[in-house]
Amino acid sequence: ERITYEATEADGVP
Amino acid sequence: DFVRTPEGYFRPNTTLEDGALVLRLDPVSESTVRDALATEFDRAPEYVQTAIREGTVTVNEDDVYEESRFYVVRDGTYYLVEPTANEYVVTGWGWRDPPHIAVEAIRLGGWIAGVALLVRAGEWSERGRREA
(Lines give C-alpha, C1' and ligand atoms only; values in the text may rest on other atoms or scores of the structure.)
Protein backbone atom coordinates (compact mmCIF):
# COMPACT_ATOMS: atom_id res chain seq x y z
CA GLU A 1 0.00 0.00 0.00
CA ARG A 2 1.25 3.44 -0.90
CA ILE A 3 0.32 6.52 1.07
CA THR A 4 0.28 10.08 -0.27
CA TYR A 5 0.93 12.91 2.15
CA GLU A 6 0.02 16.50 1.41
CA ALA A 7 1.51 19.54 3.12
CA THR A 8 -0.53 22.68 3.70
CA GLU A 9 0.31 25.83 5.60
CA ALA A 10 -1.51 25.82 8.92
CA ASP A 11 -3.10 29.05 10.05
CA GLY A 12 -4.03 27.96 13.54
CA VAL A 13 -3.26 25.14 15.92
CA PRO A 14 -4.66 21.93 14.38
CA ASP B 1 -0.95 19.39 27.88
CA PHE B 2 -3.12 22.36 26.94
CA VAL B 3 -6.76 23.27 27.25
CA ARG B 4 -8.47 25.14 24.43
CA THR B 5 -11.48 27.29 25.25
CA PRO B 6 -13.25 30.10 23.39
CA GLU B 7 -11.30 32.43 25.71
CA GLY B 8 -7.96 31.08 24.56
CA TYR B 9 -5.34 28.51 25.54
CA PHE B 10 -4.49 27.45 29.07
CA ARG B 11 -1.90 25.22 30.64
CA PRO B 12 -2.81 23.12 33.70
CA ASN B 13 -0.69 23.96 36.72
CA THR B 14 -0.80 22.38 40.16
CA THR B 15 0.60 23.69 43.42
CA LEU B 16 0.46 22.40 46.98
CA GLU B 17 -0.86 25.10 49.30
CA ASP B 18 -1.34 24.28 53.01
CA GLY B 19 -1.69 20.57 52.19
CA ALA B 20 -4.25 21.13 49.48
CA LEU B 21 -3.57 20.52 45.84
CA VAL B 22 -4.61 23.58 43.90
CA LEU B 23 -5.25 23.16 40.19
CA ARG B 24 -4.91 26.28 38.09
CA LEU B 25 -5.20 26.87 34.39
CA ASP B 26 -2.66 29.50 33.41
CA PRO B 27 -3.32 31.42 30.20
CA VAL B 28 -0.73 30.91 27.48
CA SER B 29 -0.38 32.48 24.07
CA GLU B 30 -1.25 30.59 20.91
CA SER B 31 2.35 30.85 19.76
CA THR B 32 3.44 29.03 22.93
CA VAL B 33 1.04 26.20 22.09
CA ARG B 34 2.23 26.15 18.48
CA ASP B 35 5.86 25.92 19.48
CA ALA B 36 5.11 23.18 22.00
CA LEU B 37 3.15 21.06 19.51
CA ALA B 38 5.10 21.66 16.31
CA THR B 39 8.01 19.47 15.29
CA GLU B 40 11.14 21.19 14.04
CA PHE B 41 11.58 20.63 10.29
CA ASP B 42 15.00 19.05 10.77
CA ARG B 43 13.61 16.53 13.25
CA ALA B 44 10.63 15.48 11.12
CA PRO B 45 10.82 12.19 9.17
CA GLU B 46 12.45 12.43 5.75
CA TYR B 47 9.18 11.94 3.83
CA VAL B 48 7.51 14.69 5.86
CA GLN B 49 10.34 17.05 4.94
CA THR B 50 9.89 16.10 1.29
CA ALA B 51 6.14 16.77 1.51
CA ILE B 52 6.83 20.27 2.86
CA ARG B 53 9.49 20.98 0.22
CA GLU B 54 7.47 19.69 -2.74
CA GLY B 55 3.85 19.90 -1.57
CA THR B 56 3.16 16.16 -1.69
CA VAL B 57 5.01 12.90 -1.25
CA THR B 58 4.07 9.27 -1.85
CA VAL B 59 5.67 6.57 0.28
CA ASN B 60 5.36 2.86 0.84
CA GLU B 61 3.40 1.87 3.90
CA ASP B 62 6.44 -0.04 5.18
CA ASP B 63 8.50 3.17 5.27
CA VAL B 64 5.99 4.90 7.53
CA TYR B 65 6.33 4.29 11.23
CA GLU B 66 2.81 5.44 11.96
CA GLU B 67 0.19 6.80 9.62
CA SER B 68 -0.66 10.11 11.21
CA ARG B 69 -0.67 13.88 10.86
CA PHE B 70 2.39 16.00 11.40
CA TYR B 71 2.52 19.57 12.60
CA VAL B 72 5.84 21.03 11.54
CA VAL B 73 7.49 24.44 11.79
CA ARG B 74 10.04 25.56 9.23
CA ASP B 75 11.54 29.05 9.28
CA GLY B 76 8.61 30.39 11.27
CA THR B 77 5.97 28.89 8.96
CA TYR B 78 3.72 26.14 10.27
CA TYR B 79 2.68 23.21 8.12
CA LEU B 80 0.18 20.41 8.47
CA VAL B 81 1.24 17.23 6.72
CA GLU B 82 -1.49 14.61 6.52
CA PRO B 83 -2.26 11.48 4.52
CA THR B 84 -4.72 12.23 1.71
CA ALA B 85 -4.84 9.09 -0.43
CA ASN B 86 -4.04 5.42 -0.11
CA GLU B 87 -3.38 3.35 -3.20
CA TYR B 88 -3.63 -0.40 -2.89
CA VAL B 89 -1.03 -2.08 -5.09
CA VAL B 90 -1.31 -5.83 -5.65
CA THR B 91 2.03 -7.34 -4.83
CA GLY B 92 3.16 -10.96 -4.71
CA TRP B 93 1.65 -12.16 -8.01
CA GLY B 94 4.18 -10.52 -10.29
CA TRP B 95 4.79 -12.51 -13.49
CA ARG B 96 2.58 -15.37 -12.23
CA ASP B 97 -0.49 -13.22 -12.76
CA PRO B 98 -1.79 -14.78 -16.04
CA PRO B 99 -2.74 -12.40 -18.86
CA HIS B 100 -6.43 -11.86 -19.50
CA ILE B 101 -6.41 -13.92 -22.73
CA ALA B 102 -4.92 -16.89 -20.85
CA VAL B 103 -7.66 -16.71 -18.23
CA GLU B 104 -10.29 -16.72 -21.02
CA ALA B 105 -8.63 -19.72 -22.70
CA ILE B 106 -8.57 -21.67 -19.42
CA ARG B 107 -12.24 -20.84 -18.85
CA LEU B 108 -13.21 -21.96 -22.39
CA GLY B 109 -11.16 -25.13 -21.99
CA GLY B 110 -13.02 -25.89 -18.80
CA TRP B 111 -16.40 -25.56 -20.57
CA ILE B 112 -15.36 -27.85 -23.45
CA ALA B 113 -13.95 -30.46 -21.08
CA GLY B 114 -17.10 -30.30 -18.96
CA VAL B 115 -19.44 -30.81 -21.94
CA ALA B 116 -17.24 -33.63 -23.32
CA LEU B 117 -17.34 -35.32 -19.93
CA LEU B 118 -21.17 -35.11 -19.87
CA VAL B 119 -21.46 -36.67 -23.37
CA ARG B 120 -18.97 -39.40 -22.47
CA ALA B 121 -20.80 -40.14 -19.21
CA GLY B 122 -24.05 -40.46 -21.18
CA GLU B 123 -22.40 -42.97 -23.54
CA TRP B 124 -21.05 -45.00 -20.65
CA SER B 125 -24.40 -45.18 -18.87
CA GLU B 126 -26.17 -46.15 -22.17
CA ARG B 127 -23.68 -48.97 -22.67
CA GLY B 128 -24.24 -50.16 -19.11
CA ARG B 129 -27.99 -50.29 -19.68
CA ARG B 130 -27.57 -52.29 -22.93
CA GLU B 131 -25.27 -54.84 -21.30
CA ALA B 132 -27.55 -55.38 -18.33
Side-chain angles (χ1 to χ4, degrees), chain A, chain B residues 1-5 8-10 28-39 41 44-92:
Chain A
E1 189 182 337
R2 293 171 68 72
I3 305 169
T4 299
Y5 284 86
E6 210 172 283
T8 49
E9 278 194 35
D11 287 332
V13 177
Chain B
D1 293 341
F2 296 97
V3 178
R4 172 153 54 183
T5 77
Y9 294 92
F10 298 85
V28 290
S29 67
E30 188 179 354
S31 64
T32 303
V33 179
R34 288 188 140 199
D35 289 339
L37 296 183
T39 306
F41 180 79
E46 189 59 43
Y47 63 92
V48 172
Q49 296 187 12
T50 305
I52 289 171
R53 268 195 300 262
E54 298 173 12
T56 64
V57 70
T58 300
V59 286
N60 279 321
E61 185 185 27
D62 299 342
D63 300 331
V64 177
Y65 174 64
E66 191 186 10
E67 192 182 328
S68 61
R69 309 198 304 169
F70 292 87
Y71 189 49
V72 180
V73 58
R74 182 198 196 189
D75 301 332
T77 306
Y78 294 82
Y79 297 90
L80 197 59
V81 178
E82 41 192 350
T84 55
N86 290 3
E87 179 197 353
Y88 291 88
V89 178
V90 177
T91 57

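Reminder, nothing fancy here: chain letters follow the sequence lines and each chain counts from 1. When reading the values below, keep in mind they use all heavy atoms of this one structure, side chains included, and skip hydrogens, waters and symmetry mates. On a predicted model such as this, the values are computed, not experimentally measured, just so you know.
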Contacts of type ring-ring contact (aromatic ring centres under 6.0 Å, His included), residue B:Y79, not counting sequence neighbours: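 ring-ring contact (aromatic ring centres under 6.0 Å, His included) list for B:Y79, sorted by chain: empty.
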Results of ring-ring contact (aromatic ring centres under 6.0 Å, His included) for B:F70 - residues two or more places apart only: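 Listed in chain order: nothing, the list is empty.
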From OH (A:Y5) to OG1 (B:T56), nearest 0.5 Å: 13.0 Å
From CD (A:E6) to CD1 (B:I52), nearest 0.5 Å: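 If I round to the nearest 0.5 Å, the distance is 12.5 Å.
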Interchain contact, [X] with chain A, by part (heavy-atom threshold 4.5 Å):
X     : answer
B:S31 : neither
B:T77 : side chain
B:L80 : both

Nearest non-hydrogen partners of A:A7 and B:A51, listed with the distance: CB-O, 3.4 Å
Check against side-chain contact (heavy atoms from CB on, under 4.5 Å), A:V13 and B:Y9: CA-CA 10 Å; A:V13 177; B:Y9 294 92; 3.6 Å; yes
For chain A, the option from B:V48, B:V81, B:V57 that forms the most heavy-atom pairs under 4.5 Å: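 Heavy-atom pairs under 4.5 Å are most numerous for B:V57.
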Side chain B:R69, main chain A:P14, donor-acceptor under 3.5 Å: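 Not at all, since once roles are kept as given, no pair shorter than 3.5 Å links the two residues.
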